[in-house]
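Everything on this sheet refers to the single structure shown next.
Letters A, B, ... are given to chains in the order of the sequence lines, protein chains preceding strands, and every chain is numbered from 1.
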Amino acid sequence: MDFNFSIIIEYADLFIKGILITIQLSLYAICFGTILGLLIGLGKISKSKWISFPFKCYIAIFRGTPLYVQILIIHFCVIPLFLDSTNAMTAAIVALSLNAGAYIAEIFRAGIESIERGQMEAARSLGMTHVQAMRYIILPQSVKRMIPPLGNEFVVLIKDSSLAAIIAAPELMYYARLMMGQYNRVWEPYLTVAVIYLVLTLTLSFFLNRLERRLKTV
Amino acid sequence: MIEINKLKKSFGEHEVLKDITVQINLQEVVVIIGPSGSGKSTFLRCINLLEDISGGSIHIQGKDITDKSININEVRKSVGMVFQQFNLFPHKTVLQNIMLSPMKVKKISKEKAQEKALKLLKKVGLEDKANVYPDSLSGGQKQRVAIARALAMEPAIMLFDEPTSALDPEMVGEVLEVMKNLAKEGMTMIVVTHEMGFAREVGDRVIFMDGGYIIEENKPVELFTNPKEERTISFLSKVL
């Protein structure tokens with residue numbers, strides 16, 4: 001196997017562009033996915049079956065079907081219903097956020113349910129409303145416990161954003177495929193992006209670990 | 001002050017409270033004793049509606065708290081509760097534990113809430129612990145903070161759910177001492193406990209519960225020295 005570094009250098013600019021788009025995609029999905037996840041998670045733990053049912057369905061659908069399929073459906077079927085022309089970046093952000101929302105909802109639910117029942121009872125017995133008890137007592141405690149699984153989900157999101165290449169969103173994987181097409185080489189593009197993804201996820205893990213340690217000492 | 005009429009509570013098929021009718025007067029200290037599973041704790045938790053009741057009625061200061069139109073949070077403001085497991089908020093300091101509800105529920109200013117909290121901490125003998133987290137307190141100290149936290153809402157009634165049962169024996173005394181002082185100040189209190197000494201010394205009335213019923217109630221001296229019901233006699237012979 002001969003490894004041609006010169007074509008990687010030739011593609012360096014495009015890879016950097018791709019990295020920026022990958023980071024952008026991931027950040028959007030992390031933000032929207034977290035907000036969505038909190039809402040869906042709170043909806044799912046509702047005592048009323050009528051409220052919790054649609055949220056349970058949402059989670060079942062998005063966790064039970066491949067992200068690959070979700071991206072294709074959202075890009076080619078759903079987005080055209082609302083916009084005149086479909087847009088790969090929009091579709092990728094929407095698909096990744098909706099998908100992440102389902103997983104993050106389960107993280108929020110587990111985090112909230114892991115807080116002893118006595119905490120809610122103490123807060124309520126002091127006259128707080130359910131919402132106040134959630135906001136001041138339950139959520140601040142559960143967020144600490146959610147950091148490790150949330151970090152995990154964020155790492156998964158960075159990696160999964162590579163699937164957006166199939167709808168030609170110009171992220172990292174897209175340029176790898178471009179390079180493979182142009183030179184008909186496999187090792188150089190795929191190994192390069194593998195290393196770049198590894199660096200991205202390790203960097204994120206590093207910061208999450210530090211955050212986790214800092215929260216522990218508080 | 002509290003009027004409970006034909007109170008019933010079931011968990012699914014299991015009927016825990018069968019027919020509880022009792023009145024509690026202003027400034028009275030009522031101690032509830034009985035074997036575990038007799039429904040004492042459930043009874044207490046019904047009084048501030050931590051449990052939905054299955055039948056009967058509860059009036060507090062003349063208000064029917066089981067009426068759907070009543071704001072349950074308003075009711076709870078006037079009913080303080082102390083739990084067996086303390087249930088302090090671990091992510092807040094002792095002072096914050098006490099200040100939080102007055103600030104958020106009663107909308108009292110931070111300065112006033114803090115002043116009040118420090119006063120209460122002094123009362124329970126823990127003014128030097130204001131800025132530590134509950135984790136670093138002993139069980140007895142935690143329970144005293146929990147009492148201060150409940151008092152910060154200036155409740156008309158205090159409910160104690162086995163407040164010393166999770167404590168090491170040497171710490172029971174300090175918590176009972178705080179409760180005694182509270183009783184002396186004229187707080188209306190309902191105390192579920194296994195501390196017969198406390199019941200005898202501080203209680204105005206002792207209620208013996210078993211199997212979801214009130215079996216017998218009387219002045220402490222009467223009930224302890226001259227119990228009338230078979231089940232009371234058998235229970236007291238085991239615990240005294």
Taking atom [atom1] of [X] as the centre, does the number of heavy atoms from other residues, nucleotides or ligands within less than 6.0 Å exceed 12?
| X | atom1 | result |
| --- | --- | --- |
| B:Lys106 | NZ | yes |
| A:Phe62 | CZ | yes |
| A:Asp84 | CG | no |
| B:Phe11 | CZ | yes |
| B:Lys112 | NZ | no |

I need the residue from B:Asn87, B:Asn71, B:Leu49, B:Val79 with the largest number of non-hydrogen atom pairs under 4.5 Å to chain A.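 With the most close heavy-atom pairs to chain A, the winner is B:Asn87.
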Any donor-acceptor N/O pair, [X] side chain to [Y] backbone, under 3.5 Å:
| X | Y | value |
| --- | --- | --- |
| B:Gln85 | A:Gly118 | no |
| B:Asn48 | A:Ser125 | no |
| B:Glu74 | A:Gly127 | no |

Are side-chain heavy atoms of B:Leu100 and A:Ile137 found at a separation under 4.5 Å?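 Yes, side chains in contact.
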Kindly indicate whether the side chain of B:Lys92, heavy atoms from C-beta on, has any atom under 4.5 Å from the side chain of A:Pro140. no
Engaged part of A:Gln132 at the chain B interface, taking heavy atoms whose separation is under 4.5 Å: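 For A:Gln132, the side chain is the part near chain B, not the backbone.
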At a heavy-atom separation under 4.5 Å, does A:Arg135 approach chain B through its side chain, its backbone, both, or neither?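 Neither the backbone nor the side chain of A:Arg135 comes within 4.5 Å of chain B.
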Nearest heavy atoms of [X] and [Y], plus distance in Å:
| X | Y | result |
| --- | --- | --- |
| A:Ala122 | B:Phe89 | CB-CE2, 4.0 Å |
| A:Arg124 | B:Asn73 | NH2-OD1, 3.4 Å |
| B:Met153 | A:Leu126 | CE-O, 3.3 Å |

Rounded to the nearest 0.5 angstrom, the NZ-CE distance for B:Lys104 and A:Met128 is 9.5 Å
Check each atom of B:Phe83 against the heavy atoms of chain A and say whether the ones under 4.5 Å are side chain, backbone, both or neither.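 Side chain only.
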Which atoms of B:Arg45 are under 4.5 Å from chain A, going by heavy atoms: the side chain, the backbone, both sets, or neither?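 It is the side chain, since no backbone atom gets that close.
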